Amino acid sequence: MAEPGQVLELEVGSVAHGGIFVARYDGRVVFVTDTLPGERVRARLTETKHDRFWRADTIEVLDAAPERQAHVWDAASIDRDPAERAGGAEFGHIALERQRALKSQVLGESLARMGGVERDVAVEAVPTIDAPDDQTGTGWRTRVRLQVDADGRPGPYAARSHHVVDIDDLPLATERVREAAPLRSRFAGAAHVDVIAPSAGEAIVLVAESDRRGRPLPYERGTVSESVAGRTFSLERGGFWQVHSGAAETLYRAVQDAIDPALFDPRAANLDLYGGVGLLAAAVGDRFGDTVRITTVESDPLATDHAAQNLSEWIGARAVTARVDRYVRELQAAGNHSERARTRSATVVLDPPRSGAGREVIDALAALAPRQLVYVACDPVALARDVGFLRAHGYELADIRAFDLFPNTHHVEAVARLVDTR
Ligand SMILES: C[S@@+](CC[C@H](N)C(=O)[O-])C[C@H]1O[C@@H](n2cnc3c(N)ncnc32)[C@H](O)[C@@H]1O
């Protein structure tokens, strides 16, 4: 019986979701990190409790794939013991073009398997603001969270662990974040430290103190500003904002381009679900003019306050604090004949967290029957699952694009448009 710690020699096959690769050993699947299809590696088992699969970390490459490169971040490379390898750059040993091809493959396979649609979706490069010609996929993170260990030392967690590792640089971060990151300081008793470089103003360092049970206390209120397409958005210092320096503008434009103007009705009950501070509602407003009617729905009341301010020039814009599941259920239950008609002619933008919208929200949305949905997704599997749910209700995937908003990680962002074909 294999035990964690045992070292195996493995031939690595295809990529799987989650930044891992599939090998086989003795008829069993082994999910291996830090490798590539076509490689032969020595890997140390980390998990053997499941009957059908084990997990392992690469510790030595015996035959390298041609697309292997020196890791962009020394602290995350296989030269370190897996327990001390920084997490968050699990594709950094792979040439950038190959990373994008692998992400495209995972997206295509997820859509086929769970969404029931065959699509070949290229993953588009997104230039960073500081170095638009960069070919290394570094220098893009405008926000970094450093965890704090028992001695007060800040650093990232090792992959799949809550062990804080020692680092002396943050190559995926923008220059301003790298300069501001207090990697040599100590934060005794703190839960984590956020380093943020908004597009306007100074980089800031926020220290989240812990409560008596070790949980992070919220930050004191404070506003930062971000500029997108000549527009300024205010948001809470510790609040959600897209992480890549080019992400907000990329998604703003991608949402504008995705909407079919022939299906767009400015007077309909248009929605921006999981709306944050109103970035995508503003994209819709900027494309279709100042008479647009649109409601952003967001669970964080501080973000909603900012959304109301950010969208104040559109008299038809509203910012509502609510959970999306409740909001769409209530819309379904309430509403007179003309309100229902305004929902049926609506365009709905939705940008859920990594877990996706899920069955309950999709069922309620489909019952409201909006004409078109623009789904912004940061997880291909959750997107594919929700596309499958929507297709079962009679929606079809009309277009989909994907963007490399997280270079040197396995993450990929997609913007899909679905239309009601019932
Ligand atoms: C991926 S972010 C998108 C924000 C915004 N669209 C943007 O691009 O800046 C997801 C947002 O959904 C919010 N959220 C998470 N779960 C939610 C829920 N069940 N109902 C409403 N909002 C939720 C989060 O607070 C976060 O602001």
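Both counts, for ligands and for their atoms, begin at 1 and track the order of listing. Worth saying up front: this structure is predicted, and the values here are computed from it rather than measured.
Here the closest non-hydrogen pair linking Cys378 and Pro352 is SG-O, 4.5 Å. Of all heavy-atom pairs between Ile167 and Ala86, the closest is CG2-CB, 4.3 Å.
With no hydrogens or angles considered, no side-chain donor-acceptor pair links His71 and Asp34 at under 3.5 Å. Side-chain contact check for Glu298 and Thr304: no donor-acceptor pair (N or O, by modelled atom type) lies under 3.5 Å.
Ion pairing of Arg100 with Glu97 is present here, as a side-chain N (NZ or NE/NH1/NH2) and a carboxylate O approach within less than 4.0 Å.
Nearest protein heavy-atom contact of atom 20 (N) of ligand 1 is Val324 N, 2.9 Å. Counting protein heavy atoms only, atom 6 (N) of ligand 1 is closest to Asp351 OD2, 2.9 Å. For atom 27 (O) of ligand 1, the closest heavy atom belonging to the protein is Glu298 OE1, 2.7 Å. The nearest heavy-atom contact from the protein to atom 9 (O) of ligand 1 is Phe240 CE2, 3.5 Å. The shortest contact between atom 23 (C) of ligand 1 and any protein heavy atom is with Ser299 OG, 3.2 Å.
Here atom 15 (C) of ligand 1 lies nearest to Pro353 when heavy atoms of Gly275, Ala377, Pro353 are compared. Taking all heavy atoms of Arg354, Gln242, Glu226, Arg326 into account, the minimum distance to atom 7 (C) of ligand 1 is reached by Gln242.
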*Arg221 and Asp305: side chain to side chain contact (heavy atoms under 4.5 Å, CB included), yes or no, with the steps?*
CA-CA 12 Å; Arg221 285 205 69 170; Asp305 281 355; 3.7 Å; yes
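At a heavy-atom cutoff of 4.0 Å, ligand 1 is contacted by both the backbone and the side chain of Tyr274. At a heavy-atom cutoff of 4.0 Å, ligand 1 is contacted by the side chain of Leu280 but not by its backbone. When non-hydrogen atoms are compared, ligand 1 lies under 4.0 Å from the backbone of Pro352 (N, CA, C, O) but not from its side chain.
Those atoms of ligand 1 with a heavy atom of Leu279 less than 4.0 angstrom away are 8 (O). Contact atoms of ligand 1 toward Ala322: 20 (N), 21 (C) (distance under 4.0 Å to a heavy atom of the residue). Less than 4.0 angstrom separates some heavy atom of Arg323 from each of these atoms of ligand 1: 19 (N), 20 (N), 21 (C).
In summary, of the residues considered (Arg385, His17, His411), a side-chain hydrogen bond (donor to acceptor under 3.5 Å, both in side chains) with Asp379 occurs for His17 alone.
Under the 30°/60° scheme for interplanar angles, the aromatic rings of His93 and Phe21 are found to stand perpendicular. Taking the six-membered ring where tryptophan is involved, the planes of Phe53 and His50 are essentially parallel, since the angle between them stays under 30° and well short of 60°.
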